[in-house]
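Order of listing sets the numbers, starting from 1, for every ligand and every atom in it. Excluded from the calculations below are hydrogen atoms, water molecules and symmetry mates; all remaining heavy atoms, backbone and side chain alike, are included.
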Amino acid sequence: MEELKLTSWTGQARTVVGVGPLRVGAGFTVIAGPCSVENELQLMTIARAVKDAGADALRGGAFKPRTSPYSFQGLGLKALKILEKARQETGLPIVTEVLDPRDVSWVSEFVDVLQIGARNMQNFSLLKEVGKGYRPVLLKRGMYSTLEEWLNSAEYILSAGNPNVILCERGIRTFEVYTRNTLDLSAVPAIRELSHLPIIVDPTHGTGRASLIESMALAAAAAGADGLIIEVHHNPKEALSDQAQALLPDAFSVLVHKVRSVRTCWEGLS
Ligand code: PEP
Ligand code: MN
């Protein structure tokens with residue numbers, strides 16, 4: 001890879017992103033929650049369950065980037081108000097995706113971390129807008145993007161003035177169709193070699209299959225990831241988006257327990 005003098009690359013101490021009391025990049029951060037916020041009862045049920053299971057932050061989509069315009073698009077403002085309520089009750093910081101540069105400023109008033117989804121990794125106006133903002137950014141890898149392209153996208157945010165970027169590997173498109181994407185876990189040590197930014201892994205979108213998530217989460221921890229983002233739903237069959245890949249709260253709880261053991265082992269060995 002060409003030697004580039006970019007601020008997201010190595011050459012400085014590892015970045016730790018503060019999200020309220022959380023320190024992403026120091027320790028292991030588990031973010032969990034539904035793909036979409038569907039209603040207050042659904043979100044509160046899941047928020048309590050992931051909190052009990054040991055999650056550090058709550059995710060939930062208010063604006064959904066759906067392949068079809070006829071699929072559920074998210075509840076928007078209503079979802080943000082529900083997420084705020086969940087933070088009040090559980091104390092968990094909130095992560096939600098923004099799709100449109102015009103939403104960055106007002107959505108920042110409701111949530112703690114702005115997620116840039118895979119489909120928007122090279123939406124440069126959106127990157128510049130979150131870069132001008134004050135909220136930490138969770139930048140997912142584009143499904144067709146190289147590590148160099150991904151780091152250049154991070155650079156858009158950093159160079160606009162926001163140093164708080166968390167990278168997220170969520171799988172890339174390959175010829176394999178059994179899994180929704182191919183989770184590129186080699187990205188974890190590669191990014192640690194190339195960049196000082198924290199990197200977390202999304203085994204949910206990375207596999208698209210609930211049965212594969214725990215194994216890939218453990219592998220991510222063993223590879224040195226700084227955390228995970230995982231979709232959890234108390235009734236996946238009724239979920240309005242991403243049904244096949246949501247973990248039940250009990251399965252999530254087992255996963256968190258195992259993943260924290262692997263992390264402890266990894267810290268002992270490295
Ligand atoms: C999501 O997190 O729900 C999502 C849409 O993820 P991605 O951008 O990785 O597809
Ligand atoms: Mn999803």
Side-chain angles (χ1 to χ4, degrees), residues 29-38 42-43 46 50 55 57-69 71-76 79-80 83 93-100 103 107 111-123 126-127 130 136-145 147 149-150 153-154 157 165-174 179-185 187-188 191 199-210 212-213 216-217 220 225 227-248 252:
T29 304
V30 180
I31 305 166
C35 181
S36 306
V37 178
E38 299 167 10
Q42 172 251 14
L43 199 263
I46 298 169
V50 300
L58 178 67
R59 64 150 289 150
F63 307 93
K64 296 307 299 177
R66 305 307 298 281
T67 301
S68 161
S71 301
F72 178 61
Q73 301 285 308
L75 298 179
L80 297 173
L83 286 165
I94 305 295
V95 180
T96 208
E97 178 168 355
V98 274
L99 299 178
D100 189 319
D103 293 335
V107 172
V111 302
D112 303 280
V113 176
L114 299 172
Q115 176 176 319
I116 303 293
R119 292 157 191 79
N120 274 316
M121 191 205 83
Q122 287 191 317
N123 180 337
L126 186 57
L127 297 175
V130 295
V137 179
L138 178 63
L139 178 64
K140 288 201 161 190
R141 180 181 183 180
M143 55 188 92
Y144 299 105
S145 302
L147 301 183
E149 288 162 345
W150 189 14
S153 290
I157 303 170
V165 176
I166 305 158
L167 299 169
C168 177
E169 163 62 40
R170 50 77 72 203
I172 49 177
R173 284 254 171 110
T174 67
T179 47
R180 180 174 175 179
N181 291 286
T182 296
L183 187 63
D184 177 14
L185 283 180
V188 173
I191 287 290
I199 174 165
I200 69 166
V201 171
D202 174 350
T204 304
H205 296 86
T207 62
R209 286 179 179 259
L212 306 181
I213 291 170
M216 298 316 280
L228 295 166
I229 181 166
I230 293 183
E231 286 183 359
V232 175
H233 201 289
H234 61 297
N235 187 3
K237 284 198 191 79
E238 302 284 311
L240 294 181
S241 56
D242 286 354
Q243 300 177 350
Q245 61 187 34
L247 281 187
L248 285 164
F252 173 68

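Atoms of ligand 1 lying under 4.0 Å from any heavy atom of Gln115, numbered from 1 in the order shown and given with element: 1 (C), 2 (O). Listed by number with element, the atoms of ligand 1 under 4.0 angstrom from any heavy atom of Cys35 are 3 (O). Interface atoms of ligand 1 facing Arg119, defined by a heavy-atom separation under 4.0 Å, are 7 (P), 8 (O), 10 (O). Of all the atoms in ligand 1, the ones that sit under 4.0 Å from a non-hydrogen atom of Glu231 are 1 (C), 3 (O). Of all the atoms in ligand 1, the ones that sit under 4.0 Å from a non-hydrogen atom of Gly117 are 8 (O).
Among all protein heavy atoms, the one lying closest to atom 6 (O) of ligand 1 is Lys140 NZ, 3.0 Å. Nearest protein heavy-atom neighbour of atom 8 (O) of ligand 1: Ala118 N, 2.8 Å. Closest to atom 2 (O) of ligand 1, if we only count protein heavy atoms, is Arg59 NH1, 2.7 Å. Protein heavy atom in closest approach to atom 4 (C) of ligand 1: His205 NE2, 3.5 Å.
Between the side chains of Gln73 and Arg66, no donor-acceptor pair is found at a separation under 3.5 Å. The closest side-chain donor-acceptor pair between Asp242 and His233, if any, does not fall under 3.5 angstrom. Checking Ser241 against Ser36 by side-chain atom types alone, a donor-acceptor pair falls below 3.5 Å. Between the side chains of Gln245 and His205, at least one donor N or O sits under 3.5 Å from an acceptor N or O.
The two atoms that bring Ile199 and Val188 nearest to each other are CD1-CA, 4.0 Å, heavy atoms only. Taking each heavy atom of Ala62 and Thr96 in turn, the nearest pair found is N-OG1, 3.5 Å. Closest approach of Ala217 and Ile230 over heavy atoms only: CB-CD1, 4.5 Å. Taking every heavy atom of both residues into account, Cys168 and Leu138 meet most closely at CB-CD1, 3.8 Å.
Listed by chain and number, the protein N, O or S atoms at a distance under 2.8 Å from the Mn ion (ligand 2) are Cys35 SG, His205 NE2, Glu231 OE2, Asp242 OD2.
A salt bridge does not link Lys140 to Glu97: none of the charged nitrogens lies less than 4.0 Å from a carboxylate oxygen.
With Arg141 as reference, Asp184 is the one residue of Asn181, Asp202, Asp184 to meet the side-chain hydrogen bond (donor to acceptor under 3.5 Å, both in side chains) rule.
Summarising the contacts of atom 9 (O) of ligand 1 with Lys64, Arg170, Met143, the nearest heavy atom is found in Arg170.
A donor-acceptor pair under 3.5 Å is formed between the side chain of Asn123 and the backbone N or O of Leu126.
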